[in-house]
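What follows is one structure encoded as C-alpha cells, with my remarks underneath.
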Amino acid sequence: MESKHKHITPYRHYAVVLVVLLFLTAVTVIAAFANIGAWGIGLALLIASVKVFLVLYYFMHLKVENSIFAIFTGLVFLMMAITVVITFFDYLYR
Amino acid sequence: MENHSAHSEHRDDEGSRLGMWVFLFTEMILFFGLFLVYAVFRAKHADDFHIAAQQFNVIIGAINTIILLISSATVAMSITAIQLNDRVKAIRLLWITIGLALIFLVNKYFEWGGKIDHMLYPGSDLVTSLKQGQILFFGLYYFMTGLHALHIVIGVTLLAYIASQVKKGKVNANDHVLLENGGLYWHLVDLIWIFLFPLLYLIT
Amino acid sequence: MQNTNYLYPKGLKGWLTSTDHKRIGVMYLIAIMVFFLVGGILGGIMKLELAQPGQQVMDAQTYNGLFTVHGIIMIFLVVIPGLSAVFGNFFLPIMIGAKDVVFPRLNLLSFYIYIVGACIAVLSQFAGSGPPDTGWTFYAPYSLESDTNVVMAVFAAFVLGFSSILTGLNFIVTIHRLRAPGMGWFKMPLFPWSLYATAWIQVLATPIIGITLLMIAAERFLNIGFFDPTLGGDPILFQHLFWIYSHPAVYIMILPAMGVITEIIPTFCQRKVFGYQAIVISSLAIAGVGYLVWGHHMFTSGMSDLSRWVFSLLTFIVAIPSAIKVFNWIATMYKGSIELRTPFLYTLSFIFQFMIGGITGLILGSLATDVHVHDTYFVVAHFHYIVFGGMGFAFFAAIHYWYPKMFGRMYNERRANWAWGVVFSGFTLLYFPMFILGLQGMPRRYFDYLPEYTFGHVLSSIGAAVLLTGLFMMVHTLLAGRNGKVAPANPWGGKTLEWTISSPPPLENFVEVPTITEGPYEYK
C-alpha cells in the first residue's frame with residue numbers, strides 16, 4: 001500500500017507550475033492597471049481561482065492523492081460558495 | 001479502496017495526511033469568514049473600497065505574491081528531494097522557503113509601518129474621519145493581513161522544526177509525512193494570499 | 001483477569017496522562033457531569049428568582065449575568081462536547097473494531113484544551129469587570145459596549161472551539177482509516193455514523209465562530225467597526241456569522257443524541273433497526289442542510305424578505321430527515337419484544353420530547369408565527385425541549401445503557417427508574433408551561449414579570465425543584481452503582497461490537513481484531 005505513495009514528482013513539474021503561476025500573477029497585475037472597469041474584479045478572482053486550483057492540484061498533490069481528498073476539498077469549496085449565495089439573499093435584496 | 005492496514009503497528013501516512021487536510025479545511029473556513037465579511041462590505045461600499053485601496057502599492061503586493069509562490073514551489077520540491085534521499089537539498093530548500101517567508105514579513109512590516117506613519121490604522125483620528133466604507137476597508141486590511149502574517153509566523157516555526165528533524169534523520173526517504181504535512185500547511189498560507197492579493201491591492 | 005481492564009492500574013497521574021480513548025472519555029464524563037450540575041443549579045437559582053413577581057433573591061444585573069453563564073456553561077461546556085466527547089471517545093473505536101482513535105495524543109490534547117477553555121469560562125465570571133451579561137449569543141452591538149468581562153468569555157468560547165475541532169478531526173480520520181476488516185461503510189453501526197456527520201459539522205462550522213469571536217475582540221480593542229453601525233458596520237452581519245456556526249451547533253448536539261437512541265432501540269426491542277440506510281442518509285442530510293438554515297434565528301432582525309422565506313423553506317426541509325428518523329425508531333419498535341429497562345425509558349421520553357421540540361420548531365420556522373413568539377418563553381421552551389429533552393435525555397439514556405460496559409457494575413435499576421420518573425415529571429412541569437407563557441407574550445431574559453404570568457412561572461419553578469431532585473437521585477444512583485452487582489459482558493443482549501468484549505473493556509479493546517461479516521443489528 002505504500003506503492004501509491006512512492007510517486008515522486010520531478011522538480012521540473014513544480015518549476016513549470018511555478019512559471020505558470022508567476023505568469024498568471026503578471027496577467028492579473030497588468031489587467032488591474034489596464035483598468036477594465038467592473039469586470040476587473042471578476043477577472044482577478046477568476047485568475048486567483050485558477051492559481052488556487054494549480055496549487056491544490058499540483059503543489060498539494062491532489063493529483064496523486066486518494067480521490068477522497070479532492071472530493072472533500074471540492075465539497076468544502078461548494079459549501080463556502082453556497083454560504084455566500086445564501087448570505088447575499090439578504091444583502092442584495094434588503 | 002479502503003485500507004485497513006492501520007491495525008498492525010504499521011504507520012498510516014495517508015491517515016496523517018487526511019488529518020492534516022481536515023485541519024486545513026478549518027483554516028480555509030476561518031479565513032472564509034473574513035472573505036464573507038469583505039464581500040458584504042464591498043457590495044455595500046464598492047466606491048469607498050476603490051478609493052481606500054489606492055493607498056496600497058500594487059508592486060509591493062505583487063512582490064509578496066511572487067515571494068510566496070516561489071516559496072510554495074521550494075517547499076514542494078523539498079519533498080521530492082527527501083523522496084530521492086537527498087537530505088542536504090531538502091534542508092536547503094526548506095531554508096530557502098523560510099528565508100522567503102522572512103522577506104515577506106519584512107515587506108509586510110514596512111508596508112504596515114508606512115501606513116501607520118500616515119496615521120492609517122483602525123481607530124486613528126484620520127481613519128475615523130474617513131467615509132464608512134474606507135474605515136471598514138482599513139479594518140479588514142489590518143485584520144486579514146494580520147491574521148495571515150500570524151499564519152506565516154506559525155508556518156516558519158513549523159518548517160524550521162521540520163528542517164531540524166530532517167537533519168536528525170527523523171524525517172527521511174521512508175518516513176516523511178511530517179514534511180508533507182508541513183508543506184501542506186505552507187501551501188495553505190499561499191492559497192489565502194492568492195485571494196487576499198487581488199481583493200486588497202487590485203481593486204483600484 | 002480482573003486487572004487487565006482499562007481501569008487498572010489506578011492512580012491519578014496514570015489517568016491524567018493517559019492517551020487511552022476510554023480513560024479520556026471517562027475524564028470528559030466527570031468534567032461534563034460536574035459542569036452540568038453547576039449549570040443546572042444556576043438554572044435553579046434563576047427559577048427561584050422567577051418563583052414570584054417582583055425581586056426575590058437578586059437584582060436585574062445579577063440575573064443578566066446568571067442567564068449568560070448558565071447559557072455559556074450549558075452550551076459550550078456541556079451539550080456541544082457532551083455525547084461525542086464522552087461516549088464518542090469511549091465507544092467509537094470499540095464499535096468500529098479499533099484499538100484507539102487514530103491520533104491518541106491529539107485526543108488527550110483536545111481534552112486539556114477543553115479544560116483550559118472551561119477554566120477561562122469560569123474565571124470570566126470572577127475576574128475583571130463583572131460577569132458578562134450579553135447572553136451566550138454575544139449579540140453585537142451590545143457585546144461591543146457592555147462594560148462586563150465579555151472578551152474573556154469570548155476567548156473561552158474560542159478555546160473550546162479548538163477542542164471541538166480537534167475531536168471532530170480525530171473522529172473523521174478514525175472512521176475513515178480504522179474500521180475493522182470487513183466493516184464497509186454500510187456495515188458500520190449508526191452511532192458512529194452519527195458521530196461522523198457530527199464531526200464534519202464540528203470541523204466545518206466551528207472556525208466561523210472562531211473568526212467571529214476574534215472580530216468581537218478586535219472590535220473591542222481596536223474599534224474596527226465591523227459590527228458598529230456608526231462606523232459603517234452591520235450588527236446583522238454578526239448575527240449571520242454567529243448563527244452560521246451556532247445553528248449547526250444545535251446539530252452537533254442532537255445528531256449524536258439520535259445516534260444513541262438508534263443504538264438503544266434495536267437492543268431493547270431485539271429487532272433489526274428499520275431503514276438503516278434511510279437513517280444514515282438522513283444523518284448526512286441533517287448535517288448538510290442544517291448548515292444552511294441559520295437565518296431562521298433572524299426573522300425579526302431586519303434582513304431581506306427574500307432571505308427570510310429562503311431560510312424558512314430550508315428550515316422546513318431539514319425537518320424531513322429528522323422526521324424520517326422518528327418514523328424509523330417507531331417502526332423498529334413495531335412488533336419488537338420490548339423490554340422497558342431504564343435506558344429505554346429515557347429513550348421513549350427522548351422521542352416524546354424531541355417531537356414536541358421539533359414540531360414547535362416548525363412553528364418558529366414559519367415566518368408569520370415566528371414574529372409573534374420571537375424572543376418569548378416559547379423559544380426558551382422549544383430549545384430546552386430539543387437540547388435538554390433531546391440531547392440531555394439521550395445523554396442519560398446513554399449513561400444508563402453503557403454504564404455496565406464502562407464500569408463493569410450494575411446500578412440499582414429500580415432506583416434508576418424512580419429517578420427517571422422524577423426527572424421526566426420535573427422536566428415537563430418546568431418547560432411545558434413556558435410554551436403557554438410564551439404564547440401569552442412573556443419575553444425571555446427578564447428577571448421580573450407581570451402578575452398575570454404568575455401561575456405559569458410558579459408551576460415552572462416547582463418543576464425546576466422536582467427536576468433538580470430527580471437529577472440528584474439519578475447521579476446518586478449512578479455513583480452508588482460503583483458497589484453494585486458485577487455486570488456481565490452483554491447485560492442487555494446487544495449486537496454491536498462493544499458487547500462482544502468483557503466489561504469493563506480490556507486495555508486495547510480487542511484481544512483479537514474482529515472481522516466483520518454482517519450488519520450491526522442482525523437480531524434473528
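Below, chain A is the first sequence line, B the second, and so on; all start at residue 1.
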[atom2] on [Y] to [atom1] on [X], rounded to 0.5 Å:
X       : Y       : atom1 : atom2 : answer
K44(B)  : L237(C) : NZ    : CG    : 8.5 Å
Y245(C) : I29(B)  : OH    : CD1   : 13.0 Å
W21(B)  : I172(C) : CH2   : CD1   : 14.5 Å

Option that, when pairs with chain B are counted at under 4.5 Å, heavy atom only, ranks first among [options]:
options                            : value
D234(C), I224(C), T206(C), L214(C) : I224(C)
I165(C), I209(C), L204(C), L106(C) : L204(C)
T174(C), V173(C), N223(C), V102(C) : V173(C)

Atom group of [X] that falls short of 4.5 Å from chain C, counting heavy atoms:
X       : answer
F41(B)  : side chain
V40(B)  : side chain
K131(B) : neither
F32(B)  : side chain
L140(B) : both

Is [X] atom [atom1] crowded by more than 12 heavy atoms from other residues, nucleotides or ligands, each under 6.0 Å away?
X       : atom1 : result
F195(B) : CZ    : yes
Y139(C) : OH    : yes
F186(C) : CZ    : yes
D117(B) : CG    : yes
Y112(C) : OH    : yes

Which answer fits [X], side chain, backbone, both or neither, if we ask what part of it has an atom under 4.5 Å from a heavy atom of chain B?
X       : result
T230(C) : backbone
L241(C) : side chain
N170(C) : neither

- Check whether any side-chain heavy atom of V37(B) lies under 4.5 Å from a side-chain heavy atom of M215(C), and answer yes or no.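 SC-SC contact between V37(B) and M215(C) confirmed.
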- Query: Does a side-chain heavy-atom distance below 4.5 Å link L30(B) with I208(C)?
  - Reply: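 Not in contact.
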- Query: Who among D48(B), L18(B), L136(B) has the most heavy-atom pairs with chain C under 4.5 Å?
  - Reply: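 Result: the option with the highest number of such pairs is L136(B).
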- Item | Aromatic ring pairing F143(B)/F226(C), orientation class (parallel under 30°, perpendicular over 60°, tilted between) |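 Perpendicular: the ring planes of F143(B) and F226(C) meet at over 60°.
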